[in-house]
Amino acid sequence: MTAAGDRLGPTLFERSRPGRGGGKVPHPPKDTLSRIPSDQLRAEGPNLPEVAEPELTRHFVNLSQLNYAVDSGFYPLGSCTMKWNPKVNEWAARLTGFASLHPFAPDELAQGTLQLLWEVEQWLAEIAGMRAVTLQPSAGAQGELTGILMVRAYHRSRGDLARTEVLVPDSAHGTNPATASMAGFATVSIPSAPDGGVDLDAFRAALSPKTAAVMITNPSTLGLFESRIGELLAAVHAAGALAYMDGANLNAIMGRFKPGEAGFDVMHFNVHKTFSTPHGGGGPGAGPVGVGEKLLPFLPVPRVLREPDGLFRLERPGERTASIGRVRSFAGNTGVLVRAYAYLRAHGASGLREVSDDAVLAANYMKSQVTGVLDVPFSRHCMHEFVASSATLKAQTGIRTLDVAKRLIDYGFHPPTIYFPLTVEEALLIEPTETEALETLDAFVQALRSIVDEAHSDPDLLHSAPHSSPVRRLDEATAARQPNLRWRPMTGRQMPCPD
Amino acid sequence: MTAAGDRLGPTLFERSRPGRGGGKVPHPPKDTLSRIPSDQLRAEGPNLPEVAEPELTRHFVNLSQLNYAVDSGFYPLGSCTMKWNPKVNEWAARLTGFASLHPFAPDELAQGTLQLLWEVEQWLAEIAGMRAVTLQPSAGAQGELTGILMVRAYHRSRGDLARTEVLVPDSAHGTNPATASMAGFATVSIPSAPDGGVDLDAFRAALSPKTAAVMITNPSTLGLFESRIGELLAAVHAAGALAYMDGANLNAIMGRFKPGEAGFDVMHFNVHKTFSTPHGGGGPGAGPVGVGEKLLPFLPVPRVLREPDGLFRLERPGERTASIGRVRSFAGNTGVLVRAYAYLRAHGASGLREVSDDAVLAANYMKSQVTGVLDVPFSRHCMHEFVASSATLKAQTGIRTLDVAKRLIDYGFHPPTIYFPLTVEEALLIEPTETEALETLDAFVQALRSIVDEAHSDPDLLHSAPHSSPVRRLDEATAARQPNLRWRPMTGRQMPCPD
Amino acid sequence: MAYGPHTPEDRAAMLEAIGVSSVDELFADIPADLRASDLQLPPPESEVELTRRLRDMAGRNRVDLASFLGAGAYRHFVPAVVDELLLRGEFYTAYTPYQPEISQGTLQTIYEYQSMMAELTGMEVISASHYDGASATAEAALMTCRATRRERVLVSHAVHPHYCQTLGTYFVGANLVADEIPLVAEGPAAGTTDLAALERMLADVDRPVAGVVMANPNFLGLLEPMAEAGSLAHAAGALFVAVVEPVSLAVLASPAFYGADIACGEGQPLGIPLAYGGPYLGILGCRESLVRQIPGRLVGMTTDIDGKRAFVMTLRAREQDIRREKAASNICTNQALCALAASIYLAAIGPHGLRDVATLGAARAAELENALAEAGAPRLHPGPYLNEFAVRVPHARAVHRKLLSRGVLAGLVIAEVIPDDPSLADALLVCATEVTTAYEIGEFAWALRDEIERGRQLILPGMADSHVADSQSAERTEGGAR
Amino acid sequence: MAYGPHTPEDRAAMLEAIGVSSVDELFADIPADLRASDLQLPPPESEVELTRRLRDMAGRNRVDLASFLGAGAYRHFVPAVVDELLLRGEFYTAYTPYQPEISQGTLQTIYEYQSMMAELTGMEVISASHYDGASATAEAALMTCRATRRERVLVSHAVHPHYCQTLGTYFVGANLVADEIPLVAEGPAAGTTDLAALERMLADVDRPVAGVVMANPNFLGLLEPMAEAGSLAHAAGALFVAVVEPVSLAVLASPAFYGADIACGEGQPLGIPLAYGGPYLGILGCRESLVRQIPGRLVGMTTDIDGKRAFVMTLRAREQDIRREKAASNICTNQALCALAASIYLAAIGPHGLRDVATLGAARAAELENALAEAGAPRLHPGPYLNEFAVRVPHARAVHRKLLSRGVLAGLVIAEVIPDDPSLADALLVCATEVTTAYEIGEFAWALRDEIERGRQLILPGMADSHVADSQSAERTEGGAR
Ligand SMILES: Cc1ncc(COP(=O)(O)O)c(C=O)c1O
Ligand SMILES: Cc1ncc(COP(=O)(O)O)c(C=O)c1O
């Protein structure tokens, strides 16, 4: 019920009645399956919900309204770049020519998509100053894995088998160390300096002939540009290691800094952050990887090639033997890349630079306004996001960042990322993005101000927040202790239906 | 803000800032308009809102969530037939071939749409037992006007100029008398008999050589089938008048009663009721008109014709001179009719009959359940809807139908139509439609029961209902006394913005 | 049934509760001798079959030609955001906001529609909404009769012929009179409304005029002397009705500016698909003093009992459900979703964007004029136009037809819509908008030159008519043209 | 900027508040010598231009052929309701439900996804979600190693080659071993996994096996002896991983039924467009005992502090943001929207509808088998299949290419994907689904017969190879095929 009444609803299973639904598919001939041995057949059909389309639609319409989304309000979730998702991109991805193309379609039937992919590769390579780009990885994390596997292949191709470590700053996103492990490397954590950058001495000390690569997020997860980047890169290369840039924050520096030009050997992009493709409640995204000269031979298969006659094709199996191989089926998250292409074309060179400029401008503006309301640990100019902290507030009032975040919900905002990066106590990572109006930024800061006042005047209000959301704070402990991960009809264990 | 915070928002004008928006259209050459005399040009641009697409989207997404709709819950708005609007219909109407066809496209470019229109005409004619159908009228009311203008033309064609009256039962929808006036006729109101049908004696008495037509809604707006329909039709024809059926309630009787077969001369359909096309917050609909032999020559232009070779074409200007002429531009609300066609095909003969059967079944079921909760003035079986009344409740508690309706909102339901038909005191016209699940019908009746209890135990709760909606009861008097019908920046008169 | 939720058990439970043994019993009121014969219709189709059928039918329409067809319905770019928002069930599956507490979405968007249309037209009151430009124009004309208690309107011959015909149908029914104002035949004002004739018609004291209806741009694309016409109308105690095209109002003088009392027109160009003629959007607005004459829905701003700003339908005593036979019109279901489309479109495109749309159309049209003139098809009228104009093409009907097979939809053969005006024989009405490309203009001009060339070679003097007759019978056998 | 709200005044106000005079100052941390060179990219495009470009590009793909191509991605009917709901901004513009209070929509739909997939596969735990079938299979194989603390998996040669290759890439990185189980070469079981070989490989005590990975139906469309293979795996202390196709599970025995410990596969057939390979949906599920090994998101049911039922992400200590280098996987962004598509699809089509989809595909495939056999292309393997099978076609690559120009996409030339298996040379892998029509089957068979006929006439013995070489060089110049 949108406009009235209780806003929670039963599950599809509770809405199900035997015999409902249907009308979608013609009925098949009766004895079709008799040619299949009976032990290969299912004795009973799966117990899927049976609902008619009206109930189905209401179910999902009403559930959708329980969500907070970029399309409903300000979503300054730091590190995730919840910028506007242009609607024309959705239209484009749904064009029949794009949406109905089979991934094994012969190249001659796929020239539109192949050209699009090829062009996206060129645009990304130019933006990153890289030699080449693969569009295959399905998300940033898979891009990281692809990149680090190429690093691995590079060292092995040179017979250098001793490099078993990857250096990762302690402020890094969790995917960085997790990736290193998946690629068979040990992670060495590098502490941050007081200014938020990598501690150069600690970094140099950690570098060794065992270092395969260093993964640097730049701008960092603190929203800071790594100002000692020249020294870092020089040290890495002097040690014979390669430099991986986690480019998830590239949205801050387009047209301002090209990682490849600066000396990075490999990086990934998060198109669902930098290039506005929707986050989809958790995905899909895409995580292209750009490489410099050294890693070129190791790019995963298949690449998109442009023939001298101007036609496009996919690499054939076995065509490039040094490749690390496939990281997934088919050519990549093409539907996501169509959206990214639309975004790139809509902005062009000047627009992309403006995107970054406006993102950085908005973040610094908010930072200037939040200063004095909460702690702002790093005073130098930030990039597209900045870290605040409730450490002082907590000391004074006992109110934690979690409480501030939950209370922001009552003010109509999605909270920022909290307790990340791990290196800042009671952190809030605030990323306004370039697509939020000044009034919105001001309203959010005003809400923070009010909440800080409330923390002093009425702390209980915050402890028990949120008050206006469809549900209130959840019992996460029970959820983990007695996990109920699938609907089970008729057992005593499950929770009662709210109806 | 969907999931949290205040749910009302500023107007587009309040969101506007000079310089926002853009990016949709390339810029034209500078001096383009110099060839147009300056007194024909606008001195200042219109003061339209300037908003960027993110704000725009949130504006409409959040506004949409303030609406109650069929897609969010049960909407038993009697007489309006708020049945499920199948999603495949929306898909169909958006197919480029349908959506991008120019209304002046030569027939040879328009064969798909012309065939579709022709087929819809055939289906409707068969369902109604009529000789032919025009799809032009844009809504039921325009269909009525078209029908009554044909009646007028018919009498005139016979030199019968004395027929200046149209008989309309007192339970009729307001469009019936309003239509009669627009077509230059005087309305004679016919009282209802105690059983809800037309009072046959009063009816016979009103018939005269001045009677051009009688407009009968069947099933009536009381949800009752006019059981004396045979006698009524005989009397009309004996008087030399024509019988118009308001077919807005045809959804109750498909496959059970064909008005043309039974003797009606003309009728309109409401495709947005019977054939599931969406109500669009007020429209668009479509109001095709079916005619018997007598009115065939007078159908509006252009008709859709099928040539002997199987190709389709529109009538040419001047091809059929007896026609009443055009009632609108172009061929009709074609986009609506595409949806209706999809609905007709999805159901076929058996499905259409089942639609009516299920609609009548659901209404009688609800009627049986509501009996004893509220007054149910007519005890015989109803068709697709039935009238209840709070007359007794009001006498006992002072609670009016309006209060019951408003309180239903708190229970998560859209109220039924209230205070209509005018012939029943404190009326509620309840139309469940065929697409609502039994649980939903039961939940609604249960809510009614609770409300009646509350009327006795806590009447103030009802007087002040609704409590859970985005706004509460409105000041309609001020709205009418000092109408504010358009946004005016910067005047003292307007209401303050809620932000 | 395709979309119903009822299982056999549900049906049985309901029948039992009602106390009948079959659904048939519920239909007992239908007299036995009047029960329906069986429906002679095909069986149901699953969604798989249905979508295949519909895709095939849509595919049988040809919408891939380079099109220069306007004549009251225009091809425009529609930002993607418009349809994504229109497809929200909360908008399109609601109805008339009878319960304002749970309809603020619809109500506020209608109020915003009224406000934006008021800005475009300069009118104080905008009703939301009418079926299309034709019926809105008829309603506007009826308003002038109600307001002045006179029974005759004058309508320019250059108002869209469908609007004139619709107005005629409505007026015949209401026993009112609509007379046509002729056009200037020659000279710089050729093709525009003849003001001298208008003045004469207004001077007929026995037949006082309620309203004067003129379109700007007119059906032939020409700009009309609206201010002068309005003054003449007012001097005679008549109201002045301007039929306008909303995109053009981004650059052209507004009805309020030139003194119109009522503005009406077709809203389709504001983000609404062509869809072979509908659903479209009838725009209707008026001066504040006429507010009680205007038919259709009005939404006003007010507050709720808590003092929160809110919106509500107001001045409903004009409407049929309250006023019945005395209502301002019988309109009930309107075109609210199309009004919403127009609002989203206007907000998405913005005032500067709308100006660009109008101006780009004008720029492309000027290119088109040059290209066609060079190809041998000069303009028919000399006066100023925005983005649509008539060109003289020998054997227009046949040439138009030939161009179809070359992938060009060469506008409208005017004689097919206005068959009775010799000055418009052998003329095409062509238009350009912001989506018209230079390439399309080139194709058109090239193909046209070629066909005119051939025509010159093949048709000897005197053969022209038989050629037309021939092409008509050819059309007949192919079942194609009107 | 295309979508940004900032006016020059806004920017000036922000700069002033920050206390800098230009945006450049904000980038002072970028060392001067490392600043970017100018972006060598085209200028911005308006939405008008952009949509024209994209429509053109999409039009350059050919999706109008009668297609019999499956091989891991399937053409299926998708009810209209699926996309309408997916296009709701509240779903697609939200992210990972970190704040459950305002994410119940996403959370409940994920829970429902888990539940429905659990019903289909019979697994207790379903994670939501993985990138695609290939990476889900690789993750499944990694799980077996973590769970058994062994370092070697056996993968059937008839698992989709892309999955095998992806698994290989992941395993090389993790310093683990993946060995291939060969297929039966001849006889009734030809084309299915060689159980005798499997048994031998499992028996190698020095190289204990963590998991056995087999697909059902396998890449060649054949049904595998899953129960037997599972028993063999379990007897050797290994886990059994079933790679499954979800639509087939409406009729085929479920992984739980034949004792699989882990089920994985590609969710694309459940309402997700082909889109040239993605975004798709990696399905991954397991027995309850493996819950702490499974990577990816898990949503559980719980209550809020008022006791209202609610949903929340749970068991998060497996995930990278908490566990970092010890996480079960590095997955972060997943394919949640595709999981939602699958949920809506399953609920819309219903259990009976899904059965009909699977069965109709099987019925059409049987018709296809007969038609192709008559046309001269018999099946390559004798065993049972559901809706996909391999046929022997002389000069398969050349014939396939010829058929393209006749409007038929004749499935997959297997040798292009598995180039190294002589038993699969000159074979096409073809499939049918509920959208395959009798007409399309007829066209395929007719054209195929014709091409085979021509091939017989034109190609003398011994010429076959050079013919293939020729056609390859032809392909090269046209730049078309792989
Ligand atoms: C800094 C950083 N690195 C890596 C990732 C992982 O990218 P993905 O979520 O696309 O796998 C993220 C994503 O949030 C990130 O913020
Ligand atoms: C009985 C009846 N007649 C006529 C009409 C008018 O139809 P429309 O609203 O389509 O103009 C209605 C519509 O609600 C109706 O219920």
Side-chain angles (χ1 to χ4, degrees), chain B residues 21 25 28 32 46 48 63-64 66-71 92 95 97 99-101 103 108-109 112 138-139 141 174 177-179 181 183 187 225 227 258 262 278-285 307 311 316 325-326 329-331 333-335 346 348-349 351 354 365 437 469 471 479 484 486-487, chain C residues 1-2 5 10 14 29 34 36 39 41 43-44 54 57-58 60-63 89-90 92-95 101-102 104-106 115 118-119 131 134 162 165 169 173 273 275-279 300-302 304 310 314 320-321 324-325 327 330 333-334 336-337 350-351 356 359-360 363 479-480 482:
Chain B
V25 194
T32 301
L48 296 173
L63 280 180
S64 79
L66 303 179
N67 267 5
Y68 196 104
V70 174
D71 273 8
L95 285 166
S100 299
L101 186 65
E108 61 210 276
L109 304 189
S138 313
T179 296
S181 298
T187 301
F225 192 89
S227 57
K258 296 184 179 176
H279 284 69
E307 299 283 11
L311 292 178
R316 286 182 277 265
R326 282 200 162 269
S329 57
F330 310 122
N333 276 353
T334 308
E354 213 171 31
Y365 173 73
S469 49
V471 296
N484 174 331
R486 62 176 285 197
W487 178 258
Chain C
M1 197 241 299
D10 292 339
M14 288 193 272
D29 273 349
L34 296 183
L39 285 177
L41 293 170
L54 288 162
M57 283 181 115
R60 256 175 281 144
N61 290 333
R62 293 278 314 276
V63 294
E90 297 95 324
Y92 82 80
T93 75
Y95 199 27
E101 297 87 346
I102 48 174
Q104 287 296 308
T106 294
S115 302
E119 290 295 340
Y131 305 133
H162 287 182
Q165 291 159 26
T169 305
Y276 205 63
M301 193 192 278
T302 184
D304 77 354
T314 192
Q320 49 71 30
D321 54 333
R324 299 181 76 84
E325 67 271 18
N330 71 347
T333 292
N334 57 27
L337 196 68
D356 288 349
T359 311
L360 256 178
R482 278 184 196 84

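Naming convention: chains lettered A, B, ... in sequence-line order (proteins, then strands); numbering from 1 in each chain. Everything quoted here is computed from the prediction, not taken from an experiment.
The choice from L34(C), N61(C), D304(C) that makes the most heavy-atom pairs within less than 4.5 Å of chain B is N61(C). By number of non-hydrogen pairs under 4.5 angstrom with chain C, the leading residue of S181(B), G348(B), S227(B), S329(B) is S329(B). Options A310(C), P279(C), G300(C) differ in how many heavy-atom pairs under 4.5 Å they form with chain B, and the most are formed by P279(C). Most heavy-atom pairs under 4.5 Å with chain C: of the set G282(B), A99(B), G97(B), this distinction falls to G282(B). Note: M57(C) leads M57(C), R62(C), R60(C) in heavy-atom pairs under 4.5 Å with chain B. In terms of heavy-atom pairs under 4.5 Å with chain B, the best-connected choice from G350(C), A327(C), A363(C) is A363(C). With respect to chain C, the highest number of heavy-atom pairs below 4.5 Å among A183(B), A331(B), G285(B) belongs to A183(B).
Residues A141(B) and N330(C) share a closest heavy-atom pair of O-ND2, 2.8 Å. Minimum heavy-atom separation, L360(C) to V25(B): CD1-CG1, 3.5 Å. Residues A69(B) and G89(C) approach most closely at CB-O, 3.6 Å, considering heavy atoms. Smallest separation of non-hydrogen atoms from S64(B) and E90(C): O-CB, 3.1 Å. Annotation for A139(B) and T333(C): closest pair CB-O, 3.8 Å, computed over non-hydrogen atoms. A336(C) and G281(B) make their closest contact through CB-O, 3.5 Å (heavy atoms, listed as atom of the first residue, atom of the second, distance).
From L66(B), atom CG reaches atom CD1 of I102(C) across 11.5 Å, with rounding to the nearest 0.5 Å. Atom CG of N67(B) and atom OH of Y92(C) lie 13.5 Å apart (nearest 0.5 Å). Separation of atoms CG (L63(B)) and CD (Q104(C)) is listed at 9.0 Å; rounding is to 0.5 Å. We find the OG1-CG distance between T314(C) and N484(B) to be 10.0 Å, quoted to the nearest 0.5 Å.
Checking side-chain atoms of T169(C) against main-chain N and O of R326(B) turns up a donor-acceptor pair under 3.5 Å. Proximity of a side-chain donor or acceptor of S100(B) to a complementary backbone N or O of V63(C) within less than 3.5 Å is not detected. Of the possible polar contacts, one joining the T334(B) side chain to the Y276(C) backbone as a donor-acceptor pair under 3.5 Å is found.
Side chains of K258(B) and L39(C) form a contact here, defined as non-hydrogen atoms less than 4.5 Å apart.
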Requested in this report: Could you walk me through whether W487(B) and M301(C) pass side chain to side chain contact (heavy atoms under 4.5 Å, CB included), step by step?
Outcome: CA-CA 9 Å; W487(B) 178 258; M301(C) 193 192 278; 3.8 Å; yes
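Heavy atoms closer than 4.5 Å to chain C are found in the side chain of T187(B), but not in its backbone.
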